[in-house]
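For the numbers below, each heavy atom of this structure counts, side chains included, while hydrogens, waters and symmetry mates do not. Nothing here was measured: the structure is a model prediction, and the numbers come from that model.
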Amino acid sequence: MARHAFLIAAHDTPYVLERLMRLLDDERNDLYLHIDAKARGLDAGAFARLCRRSRVIVMPRRKVYWGEYSQVESALRMMRSALERGDYAYLHHLSGSDLPLKSNDEIHRFFGENAGREFVSFYEYSASKHERAKYWYPYYRFLRSPNRLVRAVDRVGRNGAIAAQRLVRSDRTRRFGVDVKTGSDWYSISAALASHLIDSEPAIRRWFKVSFSPSEFYVQTAVWNSDFRTRVFDYDDPCRGNARLIDFERGEGSSPLTWRQEHLPELLESEAIFARKFDPEVDQEVIERVVAHVRAAASRQRRAEDLSP
């Protein structure tokens, strides 16, 4: 029986996280859960007790900041823990605001039929994306300070640092010795690729420790500059590449579209395995409809198995 590891990075939306974990609760699945230390009202122990069939491994809580290297560290920490604990066919990196669109049987069947393929998405490497990698970026956490003066000083300093680097035409990526690529934070990869990423961690840290949003670079760059590049499922189509339904074109700013009931046909008819993102404060009903759809599919499959000779 092929086992899968689900690496879940959560920082909010406990309503979605609960449903995500219940839907993934299966004897073939192990769930590795990291809850951001900054998150309030999320009891990791309570979430771990939701699952009756899956083994749930609660990771020590650490602070994770959007746009900073702590996102990469958190993902690699879960990945390393999974490789040390089990022999997995696939490791899936998910956020706490994701949901599966398929039942566990369908998930295992899909990845079994595509064994050896790597589900990593690649985006067009634009000039604006290149700036995120080639410049040194001061940390952004002070921009979230409640103190307006601190935020203002940080913004001036950060913008000044970037402007100075533009002026002298700085480009850190020239020293990397690799082709830099970018894409989605979220992926489904083989244990072999996960081991390659762990082995590459010193290089990943050197490349992207001071970049902006390094979580959108580290997997793609490591894959592209290795033999795993030939195993990527479909790197020309970001929507198929990582087996996830994520829509940035209809999103707001740097955030993807939050799914609503009006998108339900698109969700239920999608070939994607997972979707993000969901938010009960935006639309709770669409979450319940997706959950009901996945549970109904699982029930049909169980009935079919019971009736089979």
Between [X] and [Y], which heavy-atom pair has the shortest distance, and what is it?
| X | Y | result |
| --- | --- | --- |
| Trp136 | Ala161 | CZ3-CB, 4.0 Å |
| Leu50 | Asp25 | O-OD2, 4.1 Å |
| Arg3 | Asp30 | NH2-OD1, 2.6 Å |
| Arg172 | Ser211 | NH1-OG, 3.5 Å |
| Leu23 | Asn104 | O-ND2, 2.8 Å |
| Leu267 | Ala275 | CD2-CB, 4.0 Å |

**side chain to side chain donor-acceptor pair (under 3.5 Å) involving Asp199 - partner list, sequence neighbours excluded** =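 Partners of Asp199 under the side chain to side chain donor-acceptor pair (under 3.5 Å) test: none.
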**Item:** Residues forming a side chain to side chain donor-acceptor pair (under 3.5 Å) with Gln220, sequence neighbours excluded
**Value:**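 Partners of Gln220 under the side chain to side chain donor-acceptor pair (under 3.5 Å) test: none.
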Taking [atom1] in [X] as the centre, count heavy atoms belonging to other residues, nucleotides or ligands within less than 6.0 Å. Is the count above 12?
| X | atom1 | value |
| --- | --- | --- |
| His11 | NE2 | no |
| Arg53 | CZ | no |
| Glu262 | CD | yes |
| Arg62 | CZ | no |
| Asp43 | CG | yes |
| Arg250 | CZ | yes |

So, taking the atom named [atom1] in [X] and the one named [atom2] in [Y], what distance separates them when rounded to the nearest 0.5 Å?
| X | Y | atom1 | atom2 | value |
| --- | --- | --- | --- | --- |
| Ile287 | Arg260 | CD1 | CZ | 11.5 Å |
| Leu24 | Ser103 | CG | OG | 11.0 Å |
| Ser188 | Ile107 | OG | CD1 | 9.0 Å |
| Met59 | Met78 | CE | CE | 7.0 Å |
| Ile204 | Lys209 | CD1 | NZ | 14.0 Å |
| Tyr90 | His108 | OH | NE2 | 12.0 Å |

Using a strict threshold of under 4.0 Å (side-chain N to carboxylate O), is an ion pair present between [Y] and [X]?
| X | Y | value |
| --- | --- | --- |
| Arg276 | Asp98 | yes |
| Glu18 | Arg22 | yes |
| Lys129 | Glu124 | no |
| Asp12 | Lys38 | no |

Please confirm whether the ring centroid of [X] lies under 6.0 Å from the ring centroid of [Y].
| X | Y | result |
| --- | --- | --- |
| Trp186 | Phe274 | no |
| Phe212 | Trp66 | yes |
| Phe208 | Tyr218 | no |
| Phe119 | Phe111 | yes |

Side chains of [X] and [Y]: does their closest heavy-atom pair fall under 4.5 Å?
| X | Y | result |
| --- | --- | --- |
| His263 | Val286 | no |
| Asp185 | Glu216 | yes |
| Val64 | His34 | yes |
| Asp279 | Ser97 | no |
| Ser95 | Lys277 | no |
| Pro100 | Ile273 | no |
| Met79 | His93 | no |
| Glu288 | Arg19 | yes |

**Request:** For the residue pair Tyr135 and Tyr137, categorise the inter-ring angle as parallel (less than 30°), tilted (30 to 60°) or perpendicular (more than 60°).
**Result:**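 Tilted: the ring planes of Tyr135 and Tyr137 meet at 30° to 60°.
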**Prompt:** Parallel, tilted or perpendicular: which describes the rings of Tyr32 and Tyr88, with under 30° parallel and over 60° perpendicular?
**Reply:**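 Rings of Tyr32 and Tyr88: perpendicular, over 60°.
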Side-chain donor or acceptor of [X] paired with backbone N/O of [Y] under 3.5 Å:
| X | Y | value |
| --- | --- | --- |
| Thr258 | Phe278 | no |
| Asn242 | Ser121 | no |
| Ser195 | Ala191 | yes |
| Gln71 | Ser213 | no |
| Arg132 | Pro214 | no |

**Asked** Does Ile198 belong to the same Ile/Leu/Val/Met/Phe/Trp/Tyr cluster as Leu193, with side-chain heavy atoms less than 4.5 Å apart forming each link?
**Response**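 They do share one cluster, since a chain of ILVMFWY contacts under 4.5 Å joins Ile198 to Leu193.
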**Prompt:** Can Val282 be reached from Tyr15 by stepping across I, L, V, M, F, W or Y side chains whose heavy atoms are under 4.5 Å apart?
**Reply:**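 Looking at the clustering, Val282 is in a separate group from Tyr15.
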**Message:** Set out, in order, the CA-CA distance, both residues' side-chain angles and the distance that settles side-chain contact (heavy atoms from CB on, under 4.5 Å) for Met21 and Leu31, then state yes or no.
**Reply:** CA-CA 8 Å; Met21 294 185 67; Leu31 312 185; 4.1 Å; yes
**Asked** Who are the salt bridge (Lys or Arg N to Asp or Glu O under 4.0 Å) partners of Arg295, not counting sequence neighbours?
**Response**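 None.
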**Request:** Would you tell me whether His196 and Asp227 have side-chain atoms, one donor and one acceptor, within less than 3.5 Å of each other?
**Result:**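 No.
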**Prompt:** Val180 pairs by side chain to side chain contact (heavy atoms under 4.5 Å, CB included) with which of Trp224, Phe217, Trp207?
**Reply:**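 Testing Val180 for a side chain to side chain contact (heavy atoms under 4.5 Å, CB included) against Trp224, Phe217, Trp207 leaves exactly one candidate, Phe217.
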**Message:** Could you walk me through whether Phe47 and Val56 satisfy the side-chain contact (heavy atoms from CB on, under 4.5 Å) test, starting with their C-alpha distance in whole Å, then the side-chain angles of each, then the deciding distance to 0.1 Å, before giving a yes or no?
**Reply:** CA-CA 9 Å; Phe47 283 103; Val56 179; over 6 Å; no
**Request:** May I have the step-by-step check of side-chain contact (heavy atoms from CB on, under 4.5 Å) for Val294 and Leu99, ending in yes or no?
**Result:** CA-CA 10 Å; Val294 174; Leu99 287 175; over 6 Å; no
**Request:** Kindly indicate, with the supporting measurements, whether the criterion side-chain contact (heavy atoms from CB on, under 4.5 Å) is fulfilled by Val232 and Phe122.
**Result:** CA-CA 10 Å; Val232 173; Phe122 288 81; 4.1 Å; yes
